[in-house]
Amino acid sequence: MIHFFNTLSGRREPFSPLEPGHVKLYTCGPTVYDRQHIGNFRAYVFEDLLKRFLRFQGFGVTHVMNITDVDDKTIRGARDRGLSLEAFTADYIKEFFADLETLRITPADHYPRATGHIPDMVRIIQGLLAKGYAYRKDGSVYFSIARFPGYGKLSKIDATELRATERVESDEYDKENARDFALWKAPKEGEPYWESDIGPGRPGWHIECSAMSAKYLGPTFDIHCGGVDNIFPHHENEIAQSEAYWDRPFVKYWLHCHHLIVDGEKMAKSRGNFYTLRDLIEKQKADPMAVRYLLLSTHYRKVLNFSFEALEQDQAALRRIQDFLYEVDNRAFPPGRRPEVPAILDEAKAKFAEGLADDLNISLALTALFELIKRINVLIKDDQLRADDARETASLIRRLDEVLAVLPPKREVKIPDELMKKIEAREQARKDRNFKLADALRRELAESGLVLEDTKDGVRWKILK
Ligand SMILES: [Zn+2]
């Protein structure tokens with residue numbers, strides 16, 4: 001049984017989707033006014049881990065992620081650069097998709113853009129006006145939070161004390177400023193606007209997620225994710241809009257991931273500790289898979305403290321898994337199998353899945369993986385592992401990596417027989433303590449592009465391209 005911590009109930013709950021075997025997932029996507037920073041990618045990697053794990057457990061998943069290509073920030077950015085909104089956002093959208101690929105984040109089924117769904121938003125706003133949840137003021141339309149009794153149920157703010165006569169125009173504000181918020185904003189000098197049945201203007205940020213989630217997933221769906229920053233006001237407002245309009249529950253499970261900080265401090269351009277994914281990969285030469293490993297290896301509900309030291313440690317941890325996989329894939333083991341290996345593999349797989357089923361407890365899952373590596377390494381060291389065991393071990397690691405997605409795809413390596421014979425001859429020379437011969441063979445192998453490393457777990461070899 002899978003359990004998730006649901007922000008809505010404030011509790012860990014057993015997970016069961018509305019439609020058996022199929023999960024409908026909505027995750028808030030990027031606002032394309034700048035390159036995405038590593039804090040944003042923390043959320044996207046967490047959502048990818050969630051999705052991959054659900055698939056690993058046999059669920060089908062339909063995933064929708066919106067692209068916010070019209071809001072206060074994109075309009076400001078386009079104006080500052082003297083570009084149309086479309087031209088301004090196009091490059092950031094392209095970069096966003098490239099970055100997702102770099103981090104091996106599984107693509108969503110739909111990436112609806114706000115500017116492509118204005119009529120869907122207008123229809124909901126009209127409905128909210130008709131039902132009395134919304135009102136007009138100076139050409140804009142606002143949602144009346146006093147009219148929606150459930151307001152505050154996600155973020156746990158007490159909306160009864162709020163002064164309903166006050167309104168907030170901007171898309172982002174804090175809990176202290178909870179007010180009636182804009183669904184539709186009257187045109188302003190120099191800003192893009194759309195003609196519509198509710199008058200000219202542009203949508204507020206919150207309405208786009210209510211409109212686009214319903215369009216692709218229906219008015220009620222299983223899981224909605226985002227960062228903790230989204231709980232208020234964004235997700236609180238999504239609930240108000242959607243439930244007021246459709247008269248039914250909006251989302252069953254709300255999962256939120258915590259902040260990413262850098263060296264113990266909030267990430268900020270002014271502090272010089274602000275990193276986009278490209279900063280890490282292009283300027284700092286970080287391995288994208290180590291970045292992914294770092295982003296997913298802290299439990300999603302804990303603050304993730306990014307540092308270059310942590311990245312180095314994660315790189316080393318990742319290399320341990322990669323080297324191990326390389327060895328069980330490529331080293332020649334005697335034929336046959338050992339009776340104790342299937343139980344080791346089954347236990348590792350079960351513990352890995354149990355860990356993730358416990359509100360995505362990644363630490364338990366990774367511990368299961370490293371425990372597996374340790375136990376199999378002991379067998380290798382004692383010359384106990386057999387060819388079938390090695391093949392099944394490699395296949396399990398690859399199966400677990402369908403969830404983690406940090407390992408390189410399998411490369412078929414065929415070592416020529418003459419090199420294989422030299423490897424065996426060198427092993428024999430070492431056993432005979434004929435180190436001169438062993439070193440000579442090692443040099444010959446190196447000249448052929450095969451590097452041998454003597455580690456505490458035995459000899460490993462690598463092929464240089
Ligand atoms: Zn959203």
Side-chain angles (χ1 to χ4, degrees), residues 104 287-290 293 315-349 352 366 368-402 404-465:
R104 289 174 67 188
D287 168 7
M289 288 303 93
Y293 187 96
Q315 178 82 70
L318 180 58
R319 189 158 298 135
R320 277 212 301 284
I321 311 172
Q322 287 170 341
D323 286 353
F324 176 78
L325 179 63
Y326 190 87
E327 180 153 19
V328 285
D329 260 346
N330 297 307
R331 186 165 155 168
F333 294 96
R337 62 178 73 236
R338 299 283 310 180
E340 68 270 38
V341 172
I344 295 176
L345 300 183
D346 288 349
E347 192 186 325
K349 189 180 175 193
F352 180 88
L366 290 174
L369 173 58
F370 282 108
E371 186 62 28
L372 166 70
I373 292 176
K374 206 168 111 191
R375 292 175 78 179
I376 298 293
N377 264 332
V378 169
L379 293 175
I380 295 176
K381 204 172 166 183
D382 295 344
D383 288 328
Q384 297 290 306
L385 202 75
R386 297 292 172 260
D388 289 351
D389 304 326
R391 205 180 47 249
E392 276 153 30
T393 303
S395 131
L396 175 62
I397 301 258
R398 287 218 163 70
R399 175 85 177 107
L400 304 186
D401 194 54
E402 285 169 23
L404 302 174
V406 291
L407 297 175
K410 184 167 184 179
R411 198 154 51 98
E412 286 300 333
V413 185
K414 182 81 189 110
I415 310 262
D417 285 348
E418 81 182 280
L419 292 186
M420 215 55 231
K421 283 196 184 114
K422 277 187 190 173
I423 293 173
E424 282 158 19
R426 179 185 174 263
E427 297 257 344
Q428 193 55 49
R430 267 163 47 86
K431 279 185 188 148
D432 299 343
R433 305 190 69 75
N434 184 350
F435 296 116
K436 205 172 156 189
L437 176 60
D439 283 347
L441 287 166
R442 179 201 194 111
R443 273 195 303 276
E444 280 179 35
L445 286 164
E447 278 161 25
S448 316
L450 201 71
V451 177
L452 300 185
E453 285 174 16
D454 296 310
T455 74
K456 64 175 174 55
D457 297 320
V459 184
R460 296 176 189 273
W461 38 265
K462 284 183 185 171
I463 296 168
L464 301 180
K465 266 195 175 166

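Values reported hereafter were calculated over all heavy atoms of this structure, with side chains retained and with hydrogens, waters and symmetry mates removed. Numbering of residues begins at 1 and proceeds along the displayed sequence.
Judged as a salt bridge (charged side-chain N to carboxylate O under 4.0 Å, His left out), the pairs with a partner in residues 333-349 (not counting sequence neighbours) are, in order, Arg337-Asp388, Arg337-Glu392, Arg338-Glu340, Glu347-Lys351, Glu347-Arg375.
In this structure Glu371 satisfies the side chain to side chain donor-acceptor pair (under 3.5 Å) test with no other residue, sequence neighbours excluded. Take Asp432 and apply the side chain to side chain donor-acceptor pair (under 3.5 Å) test, not counting sequence neighbours, and it matches Gln428. Applying the salt bridge (Lys or Arg N to Asp or Glu O under 4.0 Å) criterion to Glu402, with sequence neighbours excluded, gives Arg399. Ala438 meets the side chain to side chain contact (heavy atoms under 4.5 Å, CB included) test with Arg426, Ala429, Arg430; sequence neighbours excluded. In this structure, the side chain to side chain donor-acceptor pair (under 3.5 Å) partners of Glu444, at least two apart in sequence or on a different chain, are Lys422. For Arg386, there are no side chain to side chain donor-acceptor pair (under 3.5 Å) partners at least two apart in sequence or on another chain. Residues forming a side chain to side chain contact (heavy atoms under 4.5 Å, CB included) with Leu419 (at least two apart in sequence, or on another chain): Ile415, Pro416, Leu445, Ser448. In this structure Pro342 satisfies the side chain to side chain contact (heavy atoms under 4.5 Å, CB included) test with no other residue, sequence neighbours excluded. Residues meeting the side chain to side chain contact (heavy atoms under 4.5 Å, CB included) test with Arg433, sequence neighbours left out: Phe435.
Residues Leu404 and Ile321 are not in side-chain contact: their nearest non-hydrogen atoms beyond the backbone lie 4.5 Å or more apart. Leu366 is listed as a side-chain neighbour of Tyr293, based on a closest heavy-atom distance under 4.5 Å. In this structure, Phe333 and Asp389 have side chains that are not in contact, with every pair of non-hydrogen atoms separated by 4.5 Å or more. In this structure the side chain of Leu372 reaches within 4.5 angstrom of the side chain of Ile397, judged on heavy atoms. Counting only heavy atoms from C-beta outward, the side chains of Arg398 and Leu325 approach each other to under 4.5 Å.
Considering NZ of Lys421 and CG of Leu441, their distance stands at 13.5 Å, rounded to 0.5 Å. One finds the NZ atom of Lys381 at 9.0 Å from the CG atom of Asn377 (value rounded to the nearest 0.5 Å). Atoms CD and CD, from Gln315 and Gln322 in turn, are 7.0 Å apart once rounded to the nearest 0.5 Å. Distance OG1/Thr393 to CG/Leu379: 8.5 Å, rounded to 0.5 Å. In this structure, the separation between CG on Leu450 and CZ on Arg442 is 11.0 Å, given to the nearest 0.5 Å.
Among all heavy-atom pairs drawn from Val328 and Leu385, the shortest one is CG1-CD2, 4.3 Å. When all heavy atoms of Val406 and Asp401 are compared, the closest pair comes out as N-OD1, 2.8 Å. Nearest approach of Ala387 to Pro335, heavy atoms of both residues: CB-CA, 4.0 Å.
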Worksheet item: Going through the checks in order, is the side-chain contact (heavy atoms from CB on, under 4.5 Å) test met by Arg320 and Ile373?
Response: CA-CA 9 Å; Arg320 277 212 301 284; Ile373 292 176; 5.6 Å; no
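The backbone N or O of Leu407 lies less than 3.5 Å from a partner atom in the side chain of Arg104, making a donor-acceptor pair.
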